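Numbered from 1 within each chain, the chains take letters A, B, ... in sequence-line order. Only heavy atoms go into these numbers, but all of them, side chains included; no hydrogens, no water, no symmetry mates. Just so it is clear, the structure is predicted and the values come from calculations on it, not from any experiment.
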Amino acid sequence: MTRYLHLVPLHKYSRFVSRFHTNKAAIVTKAANFTTTAATPWNTQLRNLSKHGQYYEALILYLQMLQSGATPNAFTFPFVLKSSASLSLPITGKQLHCHVFKLGCESEPFVQTALISMYCRCNLTESAQEVFDEIPQRSLTVCYNALISGYVQNCNFLNGFSLFTEMRQRGVPFNAVTFLGLVPGCTGPQYLWLGMSLHCLNVKCGLENDLTIANCLLTMYVRCASMELTRKLFDHIPEKGLITWNAMISGYAQNGLAAEVLELYHEMELLQVNPDAVTFVGVLSACANLGAQKIGLEVEEKIRSSGMRCNVFLKNALINMYARCGNLVKARIIFDEMPEKNLVSWTAIIGGYGIHGFGNIAVELFDKMIKTGIQPDGTVFVSVLSACSHAGLTKKGVNYLDLMKREYGLKPCSEHYSCIVDLLGRVGRLEEAHKLIESMEVEPDGAVWGALLGACKIHKNVELAELAFNKVVELEPTNIGYYVLLSNIYTEANNSEGILRVRLMMRERKLKKDPGYSYFECKGKTHLFVAGDRSHPQTKEIYKLLNRLEDTASQHGGANTNGQEVINQEPPNIMGVHSERLAIAFALLNTEIGTDILVIKNLRICGDCHLFVKRVSKIVDRLFVVRDATRFHHFRNGTCSCNDYW
DNA sequence: ATAGGGTTAG
């Protein structure tokens, strides 16, 4: 029996064991005192450990079992295989497979299935397939189920699906678990029709009342980006469980439908369905997208009062919510107090500082994160690069792109390049930015060319702007913002022919300027304005204040991003007074000094309003403008810390 | 006694 001893090096696990509760360790010790060589008492202990997720302990117990001279049997292996699978220990798993052979347990169906599952969970689907192929009577539904879900979880949906087809051809009965393994493989719009046919099959088999399957299908529709079908299914589920609600809420949140999230959350409250951590994560994500700090605060209070243990997911969601709503102090406190921060926590706080113009802090935190030994990924690089671009840290940003490629072997995608283009473009290195786009190893998307177009506006380069515009409308022909941007570039260049050409193009393509809106959250109520709005009860005062502001502001003059005088006036909105101006005036009328944040949506459409904001912030010392979630403007106390035109 | 499954963040 001593030959088994090198199966799992004991010292490797002892440090994990010491981290567990002492009473759990006591089970191990107690078991180690067995003098019997019979397998049964060991198996019982193994079952207890694996049932409670004590996988390391289970493996150690198995070692002790071998040491004591007991011989494992067919009942032993499923528990230990599950343990090595859960811990993703392929070497241990393979050694266990050898033991299975040595002890002649390889033809036990339960062991075979456990082996397939173990290999799949260690990302060794080929080995799993080998085990599967060795099974003579391949009629076992569970073996198929294990391998199908294994393929799906290893991102090989097509193999999983063809196994399902084989199963049906052979007449092997499938069941609910087959669906649960297969359906999550439909992870994109291209699989929607397959997912729908599985849904139909599921109804045909009379499994439609299985709540677990319904939840699974719901998530499938979310992943296929079909929120209408998701909602339709949701409405048809008669007795929804908490997971059903959570799947719907996080589905909306993941697809950016923040208003729907809050509506659903409210409905949950009315029906007195008790939310859990997963629910709150979705709701907080919606608050972050809307900049709705008030609701976020309520949610935090609710979490506290419910005595819920705040897990990492929830803490990260809170950090993200506060950071995006502009409350960096609160976000930082939560971040600092986290005993174990993960990559997402760092990304959230770095991104928070970045979008509010505190590029230096963001960069500092990023470097600290690297020192902590956390391996960065593409997303955290997006955060730090955009932080650099918002704060004008050109050199740092370029260095990070290099670091990302060289040190970490990460392939930059369009998002990274658009940050760098923005960065170079803003300081006037337009040609360099253009060359970078041409040299990209991935196809540039609209945002990349859009960043160049925006930079062309700042530096009044009409020629390059036309080039960028032609590229960008090819990629995003219906994005009105780009037409407006080019039109504004022509306006500044006094090129009336160009303006006409853009207008004509918009008319030909039947593009109408989206009614931009701005809103301001005040005393728990959201006040929404559209351009030329006169429906608000305070309309009179708002317009009066606006006139006064315009007068004072024009006396103060303005400066463009190079510090030169702005010669031309902002083009008036054809719809009337810009919605941003109305919201700003309303906010100034109704807020206390220094306490409120004004959230402006859709500045992208009439970006020229920022000149107004800039001028106003020179004469009003409490203006703090946060733009929508993707790109924020930051002006404070009259100093513009961000030259962002977009 | 033993195998296969649904919801969470940047």
Side-chain angles (χ1 to χ4, degrees), chain A residues 39-48 50-51 72-82 85 105 108-118 120-121 140-150 152-153 174-184 210-220 222-223 240-251 253-254 275-285 288 311-321 323-324 331 335 341-352 354-355 376-384 629:
Chain A
T40 312
W42 294 94
N43 291 348
T44 311
Q45 292 295 341
L46 283 171
R47 191 189 63 175
N48 283 338
S50 111
K51 212 165 115 186
N73 61 17
F75 291 117
T76 316
F77 289 114
F79 300 126
V80 278
L81 284 169
K82 190 188 173 187
C105 296
E108 293 291 334
F110 284 93
V111 177
Q112 289 167 339
T113 318
L115 277 168
I116 293 170
S117 170
M118 179 276 292
C120 287
R121 288 180 67 180
L140 282 169
T141 303
V142 275
C143 283
Y144 272 101
N145 290 352
L147 194 57
I148 287 173
S149 91
V152 167
Q153 270 156 30
F174 55 85
N175 58 18
V177 183
T178 320
F179 279 109
L180 293 170
L182 190 59
V183 172
D210 187 318
L211 185 59
T212 315
I213 293 188
N215 294 337
C216 182
L217 287 166
L218 205 62
T219 309
M220 181 273 292
V222 170
R223 292 189 185 142
K240 304 169 182 58
L242 181 56
I243 292 183
T244 319
W245 286 95
N246 287 348
M248 194 70 224
I249 283 184
S250 19
Q254 282 158 22
D276 69 354
V278 181
T279 323
F280 289 133
V281 167
V283 175
L284 287 170
S285 153
N311 65 19
V312 188
F313 277 83
L314 206 42
K315 286 233 167 96
N316 290 343
L318 280 168
I319 294 174
N320 184 41
M321 185 274 293
R324 299 258 282 237
F335 176 80
K341 309 166 178 56
N342 63 17
L343 181 58
V344 179
S345 331
W346 288 94
T347 311
I349 194 81
I350 290 170
I355 48 186
D377 68 354
T379 314
V380 73
F381 270 107
V382 171
S383 289
V384 75

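Among the protein residues, A/Arg223 comes within range of the sugar-phosphate backbone only, with heavy atoms under 4.0 Å from sugar or phosphate atoms but none that close to a base. A/Asn342 comes within contact range of at least one nucleobase, with a heavy-atom separation under 4.0 Å. In this structure, A/Asn43 reaches the bases: a heavy-atom distance under 4.0 Å links it to at least one base atom across the strands shown. Residue A/Leu147 is out of contact with every strand shown, counting any heavy-atom pair closer than 4.0 Å. A/Asn73 comes within 4.0 angstrom of nothing in the nucleic acid, heavy atoms only. Looking at heavy-atom distances under 4.0 Å, A/Phe77 makes no contact with the nucleic acid at all. Within 4.0 Å of A/Ala317, counting heavy atoms only, lies no atom of the nucleic acid at all. Within 4.0 Å of A/Thr379, counting heavy atoms only, lies at least one base atom of the nucleic acid.
Along DNA chain B, read 5' to 3', the first and last nucleotides having any atom under 4.0 Å from a heavy atom of chain A are B/dA1 to B/dG10.
Applying the ring pair (Phe, Tyr, Trp, His ring centres under 6.0 Å) test to A/Phe335 and every residue at least two apart in sequence or in another chain returns A/Trp346. A/Phe313 meets the side-chain contact (heavy atoms from CB on, under 4.5 Å) test with A/Val281, A/Asn311; sequence neighbours excluded. Qualifying side-chain contact (heavy atoms from CB on, under 4.5 Å) partners for A/Asp377, counting only residues two or more places apart in sequence or in other chains: A/Leu343, A/Thr379, A/Val380. Scored by the side-chain contact (heavy atoms from CB on, under 4.5 Å) test, A/Phe280 finds A/Tyr265, A/Pro275, A/Val299, A/Lys302, A/Ile303, A/Met308, A/Leu314 as partners (sequence neighbours excluded). With sequence neighbours left out, the side-chain contact (heavy atoms from CB on, under 4.5 Å) criterion links A/Thr212 to A/Leu180, A/Asp210.
For the residue pair A/Asn342 and A/Asn316, a side-chain donor N or O sits within less than 3.5 Å of a side-chain acceptor on the partner.
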